[in-house]
*Asks:* 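Would you mind keeping the following structure in view while I ask a few things?
Labels below follow one simple rule: chain letters A, B, ... track the order of the sequence lines, proteins then strands, and each chain is numbered from 1.
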Protein chains: 2
Amino acid sequence: MAYRTPLDDLRFLLHELVDFPAAVSDPEMMTQELALTIWEEAGKFAAGVLSPLNACGDRSGLTLEDGVVTTPDGFAAAWQQLIANGWNNMALPESIGGQGLPWLISTLATEMFSSANKSFTMCPGLTQGAIEAIYAAGSDELKQKYLPKMVAGKWTGTMNLTEPQAGSDVGAICTRAMPQADGSYRIKGQKIFISFGEHDLADNIIHLVLARTPDAPAGVRGISLFLVPKFLVNDDGSLGERNDLVCAALEHKLGIHASPTAVMAFGEQDGAIGYLVGEEHKGLAAMFVMMNMARLAVGIEGLASAEAALQLAWAYALERVQGATPADPGKPAVIAEHPDVRRMLMLMQSRTRAMRAMAMVIAEAQDMHDNHADAEVRQQQQKFVELMIPVFKAWATESGVEVASLGIQIHGGMGFVEETGAAQIWRDARISPIYEGTTGIQAQDLIGRKLCRDKGETFALLVSRMRETVTAMQGNGLNTLATKLAVAINSLESTAAAVMKRCADDMPLAQLMSVPFLMMFGHVAGGWLLGRCALAARFHQNGEEYPAAQLASWLQSADFYCRYSLAEVAGMERQVMNYLADDADACLPDIPEVGD
Amino acid sequence: MAYRTPLDDLRFLLHELVDFPAAVSDPEMMTQELALTIWEEAGKFAAGVLSPLNACGDRSGLTLEDGVVTTPDGFAAAWQQLIANGWNNMALPESIGGQGLPWLISTLATEMFSSANKSFTMCPGLTQGAIEAIYAAGSDELKQKYLPKMVAGKWTGTMNLTEPQAGSDVGAICTRAMPQADGSYRIKGQKIFISFGEHDLADNIIHLVLARTPDAPAGVRGISLFLVPKFLVNDDGSLGERNDLVCAALEHKLGIHASPTAVMAFGEQDGAIGYLVGEEHKGLAAMFVMMNMARLAVGIEGLASAEAALQLAWAYALERVQGATPADPGKPAVIAEHPDVRRMLMLMQSRTRAMRAMAMVIAEAQDMHDNHADAEVRQQQQKFVELMIPVFKAWATESGVEVASLGIQIHGGMGFVEETGAAQIWRDARISPIYEGTTGIQAQDLIGRKLCRDKGETFALLVSRMRETVTAMQGNGLNTLATKLAVAINSLESTAAAVMKRCADDMPLAQLMSVPFLMMFGHVAGGWLLGRCALAARFHQNGEEYPAAQLASWLQSADFYCRYSLAEVAGMERQVMNYLADDADACLPDIPEVGD
């Protein structure tokens, strides 16, 4: 089935959920109409170019021969189209050749690309991250030499963090960087899980590599960041010799079969030539520059998988005739009429919409941070982004897997057959709760740093914004929903207080329940945002801006979400409090030596 | 990693959870020691023969050429070992050549086989189902001609229900059966999703096929059951001509790659020769004979996937060094020491144990039904089995997918790499909530038939048994757990009352929330059974029967389950009641024409 752009939802959210004119730098020029036009074009690229390559890319996969990776048929041509249309550098600053589009636009365009073809879409995403890191931390010389080609999409970029012994614990890396007389370094070491570490889409690959200089302190404080090109670059910008690095193997993976996951061997001969990005021992800080946006991008993958699954399941449910409904036992029905299938469709749709709404308010805040005149507002927006990033990354990626699984279930036996496409979405979705920091790492970040660092101040601000929504809902005929939302917000608030207390006096116990707390946070924030959407739908109900069916559908999503997903918050609260409450009398479970 | 039999858990459950002597026909002969010996041997077969074929079977998959299906290397030899050891007919009556072992023994041995190699284990399972149907409904002639070879494992069996237009709605099948002068029938039609419909493990395949005779009434009341052998069988039992049926295609599936899922074409020439099993138009009743045990068997697959995932993740978590814990930040730790990994391991272990305990009380009841002297007890046990089957089938298979996903998560990036094995478990597990009646179908069966049919009487009996456990826990120092269990039981009871009420006055709404209700039922029943295990562990704490660590581990599982999984019941209750409560003011969500 061809991917369809969720333009109606985007139009509604753009006008009703976010304050687009306030978020962008030049509201005269950058209008909502322009945003929608860009999305429409992005949708055509997603549906027309990327989507047709998705299933065949999954089936054919990648080949590695003599260090050369061949991507599936059509991928190289699609890359050329991508860069010809400028879809690779939407959010990059104009000063380096990017288009300087608001995050709001680029983030939601990326959703479309990832829905249509997750494997392919990883390549421009990683390249953008590498560009941001070089832009933020690199010397002028590095920037001048590398950024133009990377921004133009002629060269791509990678992140080389993980080593066999250093996954979530990046401080454990031991790739070495030996300083040379000319100011460059020689890099030696093995990196694993390097997405698009080798491929045939572009002429050169610019690897950003974390490594240790001699006598660097142990742990994260001894890590430096290096730019290590696949081909060395001459002073005139032309490609020189092949650098001493090679793709030693590709992983055989559960999903994203068309995205090469490379084992990279650096410096097996004399050492790969690399150039320091930023200061020595400050490599992690340089990497962190792009971490927020990279995590937002992975969260978007969760949303994208959910949207793809929803479209496929919805179409199937409206077309597949099977059985009859209890309401009309004599008449053959499409399965969308069966109550349990409706439950699944409603769950898929309302969750997907909540995820998209969350992506949009985060992108909105990032845009305000970038563009607002008032420094205090900028800082506040920054704090909101930092608080929400771990929540969105983990909650949206876990939700993506859950929604994709429901998509399989709606297809019944056909969902287990690969040709249907539902299974691929599920397989492809499964990596997102793992890479760019696992769900557990996000939860640790949320409770340990984002929640406690400012003693819950940013969180309290968010809660009061949520309560404003409740009040507005109560005043506008959405009392049933408002009551359920208010209960969920109270749960979140009191649970957060318990988490902060335990972070101070029993961190292991706080961490034990950090993931349920994060998921609860995501659920409540999603309900808050759907509540705002319901308010807007209510407001327009007698107007002409939106078709009545669309408004009814938003109200229905909010209603289902408040009844169904916010109900789960009660369980999550009890889960957390059964361990963290003062009278819980709980301790960390023992881990015996053997499993059974 | 080699599969290890969970013998310690089995020994504990056999002695402490079920009343084995009361359940078996001859307690003098069939002792617990014998049961454990059989399990030990079954475990050796699972670990030594089936487990080594699991990963390579997944990788190599199946080939179909000219209607001939070739199974992966080693499968045919394993089949010969299986039948030489008699693992294929444990539960079948001795009167037809089976071993007449209690369900308790055979069910848990099957768990081992399925943990070690799910694909392979489907073949004996399906054959056993076919045997039971022929045994229950077939004529003496059919029984004499087919059962001995099938029971001996020389021939295998299949179930042919599904057609492209008839999945969950079996009444929609249109395969035809034309009566012949000699009393046989000619079968014409296409069946899909036929597991082991064609393979090279045995000399003959006995297909049981649902079809319609001419002028049969529409729907399920016009369906008859036919025995359609791949090779016709001569009067002396030797194989005759090839019957007019062929495997037209194999599905390309998400998982169980070594289990052939065949498209079967019957009667493309003159019609396949088939023999009526039981009466005309009573085909579904004949199939239903084996439905309960088939659904129990699929539930066991969920348990088996969970156990396999648990073993793999546990071993990895104890060996993989990464980072340090908040308790001791300076010291490298294995990931099992990280609080969030512990949460996942505890969740996996406690859920798996709850699933196994549920399998055992169902098998116990089935044994009592088969063996008890008192007809009333037999009937009561039958009702308990019928109530619990849909719960176990759906809850255990959904839990199997969830536990397998946690297994991937614990492996981090390695979990997404196929070589690790965690991904295969997850893929293989995903079919079980679909086949043998989807989760939605089970939930419909639970609320519409099992709960309401006797006006909740069997359910009320179960609730009172659960409350007896609470009382016993309160009297034995398990107050914290008992309180949480009691709350969950109350939730289940009041929610069930609301479900029954809506079944009477608003079936669509009742069905809308039937799956959350079923999952809640599963969670609470699992908690009840772990509560009984905790009581037993408590009882033995000062004794010598069990190592202290084992008893502590059972208490810990029950503690975690009551705090964590029973907490979710509060959310599920609210989910259901937000739709079914008298003042909920809820209605079935609309399904608009388009998704977005």
*Asks:* By a 4.5 Å heavy-atom criterion (distance strictly below it), what part of B:A336 contacts chain A: side chain, backbone, both, or neither?
*Replies:*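 Its backbone and side chain both get close to chain A.
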*Asks:* Would a 4.5 Å heavy-atom cut-off, applied to side chains only, mark B:R343 and A:P516 as touching?
*Replies:*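 Yes - at least one pair of side-chain heavy atoms lies under 4.5 Å apart.
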*Asks:* What option among A:E251, A:Q444, A:E573, A:E419 has the most heavy-atom pairs under 4.5 Å with chain B?
*Replies:*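 Option with the greatest count: A:E419.
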*Asks:* Please classify the contact between A:V576 and chain B as side chain, backbone, both or neither, with a heavy-atom cut-off of under 4.5 Å.
*Replies:*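 It is neither, since no heavy atom gets under 4.5 Å.
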*Asks:* Which of the residues B:V417, B:L566, B:L509, B:I431 is involved in the greatest number of heavy-atom pairs with chain A at under 4.5 angstrom?
*Replies:*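 Among B:V417, B:L566, B:L509, B:I431, the one with the most close pairs to chain A is B:I431.
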*Asks:* Counting N and O atoms only, with roles assigned by atom type, does the side chain of B:Q409 sit under 3.5 Å from a partner on the main chain of A:P433, one being a donor and the other an acceptor?
*Replies:*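 Pair found, side chain donor or acceptor close to backbone of A:P433.
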*Asks:* For A:T439, which atoms come within 4.5 Å of any heavy atom of chain B: side chain, backbone, both, or neither?
*Replies:*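 Contact with chain B: backbone and side chain both.
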*Asks:* Mark yes or no for whether B:Q322, through its side chain, and A:D169, through its backbone, hold a donor-acceptor pair below 3.5 Å.
*Replies:*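 The answer is yes, because a donor-acceptor pair under 3.5 Å joins these two groups.
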*Asks:* Check whether B:A324 gets within reach of chain A through its side chain, its backbone, both or neither, counting any heavy atom under 4.5 Å.
*Replies:*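 For B:A324, there is no contact with chain A at all, as no heavy atom is under 4.5 Å.
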*Asks:* Quick one: of A:R574, A:M507, A:E568, A:R342, who has the most non-hydrogen atom pairs under 4.5 Å with chain B?
*Replies:*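 When all of A:R574, A:M507, A:E568, A:R342 are compared, A:R342 has the most.
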*Asks:* Hey, mind stepping through B:F416 and A:I256 against side chain to side chain contact (heavy atoms under 4.5 Å, CB included) and telling me if it holds?
*Replies:* CA-CA 10 Å; B:F416 201 67; A:I256 51 169; 3.6 Å; yes
*Asks:* Quick check on B:Q424 against chain A: is it the side chain, the backbone, both or neither that has a heavy atom closer than 4.5 Å?
*Replies:*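 Neither the backbone nor the side chain of B:Q424 comes within 4.5 Å of chain A.
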*Asks:* Among A:G255, A:A510, A:A317, who wins on heavy-atom pairs under 4.5 Å with chain B?
*Replies:*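 Heavy-atom pair counts peak at A:G255.
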*Asks:* Given that the side chain runs from C-beta out, which part of A:I408 has a heavy atom under 4.5 Å from chain B: side chain, backbone, both or neither?
*Replies:*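 When you check distances to chain B, atoms from both the backbone and side chain of A:I408 fall under 4.5 Å.
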*Asks:* Is chain B contacted by the side chain of A:L345, its backbone, both, or neither, given a heavy-atom distance below 4.5 Å?
*Replies:*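 Looking at A:L345, just its side chain touches chain B.
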*Asks:* How about B:L254 and A:E418: do any of their side-chain heavy atoms sit closer than 4.5 Å?
*Replies:*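 With C-beta onward as the side chain, the pair touches.
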*Asks:* Name the region of B:M414, side chain, backbone, both or neither, that has any atom closer than 4.5 Å to a heavy atom of chain A.
*Replies:*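 Backbone plus side chain of B:M414, per the 4.5 Å heavy-atom cut-off to chain A.
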*Asks:* Under a 4.5 Å cutoff for heavy-atom pairs, which residue among B:V515, B:T438, B:T420 has the most contacts with chain A?
*Replies:*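 Looking at each option in turn, the highest pair count goes to B:V515.
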*Asks:* Against chain A, label B:R427 side chain, backbone, both or neither, depending on which of its atoms sit under 4.5 Å from a heavy atom there.
*Replies:*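 The answer is both parts of B:R427.
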*Asks:* Measuring from atom CG of B:L512 to atom CZ of A:F560, what distance do you get when rounded to the nearest 0.5 angstrom?
*Replies:*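 Rounded to the nearest 0.5 Å, the CG-CZ separation comes to 6.5 Å.
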*Asks:* If you tally heavy-atom pairs under 4.5 Å against chain A, which of B:A327, B:G440, B:A586 wins?
*Replies:*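 Of the options given, most contacts go to B:A586.
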*Asks:* Looking only at heavy atoms, which two atoms of A:K484 and B:N578 are closest? And how far apart?
*Replies:*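 Shortest heavy-atom contact: NZ-OD1, 3.2 Å.
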*Asks:* Please rank A:P326, A:G323, A:A570, A:G219 by heavy-atom pairs under 4.5 Å with chain B and give me the top one.
*Replies:*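 Among A:P326, A:G323, A:A570, A:G219, the one with the most close pairs to chain B is A:P326.
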*Asks:* Is the backbone N or O of B:D340 less than 3.5 Å from a side-chain atom of A:Q511, with the two atoms forming a donor-acceptor pair by type?
*Replies:*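 Not confirmed, A:Q511 side chain does not pair with B:D340 backbone.
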*Asks:* Between the side chain of A:R430 and the main-chain N/O of B:S405, is any donor-acceptor distance below 3.5 Å?
*Replies:*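 Confirmed, A:R430 side chain pairs with B:S405 backbone.
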*Asks:* Between B:S514, B:P589, B:P508, which is the residue that forms a side-chain contact (heavy atoms from CB on, under 4.5 Å) with A:P339?
*Replies:*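 Among B:S514, B:P589, B:P508, the one meeting side-chain contact (heavy atoms from CB on, under 4.5 Å) with A:P339 is B:P508.
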*Asks:* Specify which of A:C562, A:A166, A:A315 makes the most heavy-atom pairs with chain B at under 4.5 Å.
*Replies:*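 The candidate making the most pairs under 4.5 Å is A:A166.
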*Asks:* Nearest 0.5 Å, what's the CG-CE distance between A:D590 and B:M346?
*Replies:*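 With rounding to 0.5 Å, CG (A:D590) is 8.0 Å from CE (B:M346).
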*Asks:* Can you tell me which of A:M513, A:M344, A:Q550, A:M572 forms the most heavy-atom pairs within a distance under 4.5 Å of chain B?
*Replies:*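 Top option by heavy-atom pairs under 4.5 Å: A:M513.
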*Asks:* When you measure from the side chain of A:Q575 to the backbone N and O of B:R563, does any donor-acceptor pair fall under 3.5 Å?
*Replies:*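 Checking the backbone N and O of B:R563 against the side chain of A:Q575, no donor-acceptor pair under 3.5 Å is found.
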*Asks:* Which atoms of A:V487 come close to chain B, meaning under 4.5 Å heavy atom to heavy atom: side chain ones, backbone ones, both, or neither?
*Replies:*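 For A:V487, side-chain heavy atoms alone lie under 4.5 Å from chain B.
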*Asks:* How far does CZ of A:R59 sit from NE2 of B:H252, to the nearest 0.5 angstrom?
*Replies:*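 So the gap between those two atoms works out to 8.0 Å.
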*Asks:* Just give me the residue among B:G167, B:A567, B:A422, B:G412 that pairs up with chain A most often, heavy atom to heavy atom, under 4.5 Å.
*Replies:*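 Heavy-atom pairs under 4.5 Å are most numerous for B:A567.
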